[in-house]
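Index from 1, following the sequence.
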Amino acid sequence: MAGMYAVYHDQKGLREIAERTHKLTKLIGLSIKDFGFEQTNKNYFDTLYIPVKDKSLLNKIRETALKNEINFRYWEDAVGIAVSEVTDFNDAVEIIGIFAEVSGRNNDINKIESTAANLTIDFPESLNRKSTYLQHKVFN
């Protein structure tokens, strides 16, 4: 299945999917800071880890997410959010909206759009791929 996915999307398509996925993840991570939350992964691609020490707040996040039919990963004192290639901008806005709602604040779509427009990919050099990939003609 993974091989056919690579054949279908090709090298350029896979890179575009990966960059879009990471940018949406980064958008969520940056935007929830406005509501007093912070993801704590030093480096991440598509998954955020957000500590929530207050159990009642954690339960409120869970209830609000479920009410909106959004699944997160829950630990005893944290929330995990995974973004994938099927996640789109509107999904990210909805996720950010959950954190806005539980903090009693409004979701500012203009600020989210502005943040999204200025996102960059900035992995540490040690994590940047240096080798070629999908060079066979079937992938191109």
Side-chain angles (χ1 to χ4, degrees):
M1 181 69 102
M4 292 310 297
Y5 189 85
V7 168
Y8 181 79
H9 290 289
D10 71 46
Q11 180 185 25
K12 182 177 180 250
L14 287 179
R15 182 172 200 85
E16 288 171 358
I17 291 167
E19 288 178 355
R20 185 176 52 77
T21 299
H22 178 64
K23 283 182 177 181
L24 287 172
T25 307
K26 192 172 180 180
L27 175 65
I28 294 166
L30 291 171
S31 297
I32 65 172
K33 285 182 177 184
D34 292 340
F35 312 117
F37 299 93
E38 188 162 354
Q39 81 81 27
T40 58
N41 290 331
K42 180 178 178 187
N43 299 305
Y44 61 91
F45 170 67
D46 63 355
T47 305
L48 302 174
Y49 182 85
I50 304 148
V52 182
K53 304 285 185 216
D54 181 332
K55 299 279 188 228
S56 64
L57 183 57
L58 186 63
N59 286 332
K60 193 173 181 181
I61 292 169
R62 182 189 318 252
E63 290 168 7
T64 305
L66 289 174
K67 177 181 75 179
N68 288 283
E69 299 180 350
I70 295 176
N71 293 318
F72 294 149
R73 167 74 163 97
Y74 298 95
W75 290 272
E76 194 170 305
D77 60 352
V79 175
I81 300 173
V83 175
S84 75
E85 70 273 10
V86 299
T87 306
D88 64 20
F89 179 78
N90 293 329
D91 296 326
V93 171
E94 268 191 90
I95 291 168
I96 296 162
I98 289 168
F99 289 87
E101 184 176 333
V102 301
S103 68
R105 310 260 312 275
N106 290 322
N107 211 5
D108 183 351
I109 190 66
N110 292 325
K111 184 169 185 184
I112 295 170
E113 288 173 344
S114 174
T115 301
N118 294 301
L119 287 175
T120 58
I121 305 282
D122 55 356
F123 290 114
E125 184 60 32
S126 63
L127 297 179
N128 286 328
R129 183 179 198 127
K130 294 167 184 61
S131 62
T132 59
Y133 59 99
L134 300 179
Q135 296 300 296
H136 191 277
K137 66 182 177 180
V138 75
F139 298 113
N140 293 286

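- Under the 4.5 Å side-chain heavy-atom criterion for ILVMFWY residues, no single connected hydrophobic cluster contains both L57 and Y49.
- Residue E69 places its CD atom among 12 or fewer non-hydrogen atoms of other residues, nucleotides or ligands, all under 6.0 Å distant.
- What you find for T64 and K60 is that their closest heavy atoms are OG1-O, 2.7 Å.
- Atom CD of Q11 sits about 4.5 Å away from atom OH of Y133, to the nearest 0.5 Å.
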When the side chains of residues 81-90 are checked against the rest of the protein, which donor-acceptor pairs come out under 3.5 Å, sequence neighbours left out?
{"from": "S84", "atom 1": "OG", "to": "V86", "atom 2": "N", "distance (Å)": "3.3"}
{"from": "T87", "atom 1": "OG1", "to": "S84", "atom 2": "N", "distance (Å)": "3.1"}
{"from": "T87", "atom 1": "OG1", "to": "S84", "atom 2": "O", "distance (Å)": "3.4"}
{"from": "D88", "atom 1": "OD1", "to": "N90", "atom 2": "N", "distance (Å)": "3.1"}
{"from": "D88", "atom 1": "OD1", "to": "D91", "atom 2": "N", "distance (Å)": "2.9"}

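- Summarising the geometry, atom OG1 belonging to T21 is positioned 5.0 Å from atom CZ belonging to F45; distances are rounded to the nearest 0.5 Å.
- In the hydrophobic clustering of ILVMFWY residues, with side-chain heavy atoms under 4.5 Å counting as a link, W75 and F72 come out apart.
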Could you go step by step and tell me if V52 and F37 meet the side-chain contact (heavy atoms from CB on, under 4.5 Å) rule? CA-CA 8 Å; V52 182; F37 299 93; 4.3 Å; yes
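- Listed by chain and number, the residues in a side-chain hydrogen bond (donor to acceptor under 3.5 Å, both in side chains) with K111 are D34 (sequence neighbours excluded).
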Show me the donor-acceptor pairs within less than 3.5 Å that the side chains of residues 92-103 make with the rest of the protein, sequence neighbours left out.
{"from": "E101", "atom 1": "OE2", "to": "K67", "atom 2": "NZ", "distance (Å)": "2.9"}
{"from": "S103", "atom 1": "OG", "to": "F99", "atom 2": "O", "distance (Å)": "3.1"}
{"from": "S103", "atom 1": "OG", "to": "A100", "atom 2": "O", "distance (Å)": "2.9"}

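- Looking at residues two or more places apart in sequence or on another chain, you find a side-chain hydrogen bond (donor to acceptor under 3.5 Å, both in side chains) between D54 and S56.
- Atoms CZ and CZ, on R15 and R20 in that order, are 15.0 Å from each other to the nearest 0.5 Å.
- Across all non-hydrogen atoms, the minimal contact from G29 to L48 is N-CD1, 3.6 Å.
- Separation of atoms CG (L27) and NE2 (H22) is listed at 11.0 Å; rounding is to 0.5 Å.
- Heavy-atom neighbours of K42 NZ from other residues, nucleotides or ligands within 6.0 Å: at or below the threshold of 12.
- Note that the CD1 atom of I50 and the CG atom of N41 stand 9.0 Å from one another [nearest 0.5 Å].
- Residues that satisfy the side-chain hydrogen bond (donor to acceptor under 3.5 Å, both in side chains) test with K33, not counting sequence neighbours, are absent from this structure.
- For the residue pair N106 and F35, the shortest heavy atom distance occurs at O-CE2, 3.7 Å.
- Residues passing the side-chain hydrogen bond (donor to acceptor under 3.5 Å, both in side chains) test with D122 are K26, sequence neighbours excluded.
- I70 and Y74 fall within a single hydrophobic cluster, where Ile, Leu, Val, Met, Phe, Trp and Tyr side chains are chained together by heavy-atom contacts under 4.5 Å.
- Hydrophobic clustering places V138 together with L134 (ILVMFWY residues linked when any side-chain heavy atoms are closer than 4.5 Å, directly or through intermediates).
- In plain terms, the two heavy atoms of I121 and K23 that are nearest each other are CD1-CG, 3.9 Å.
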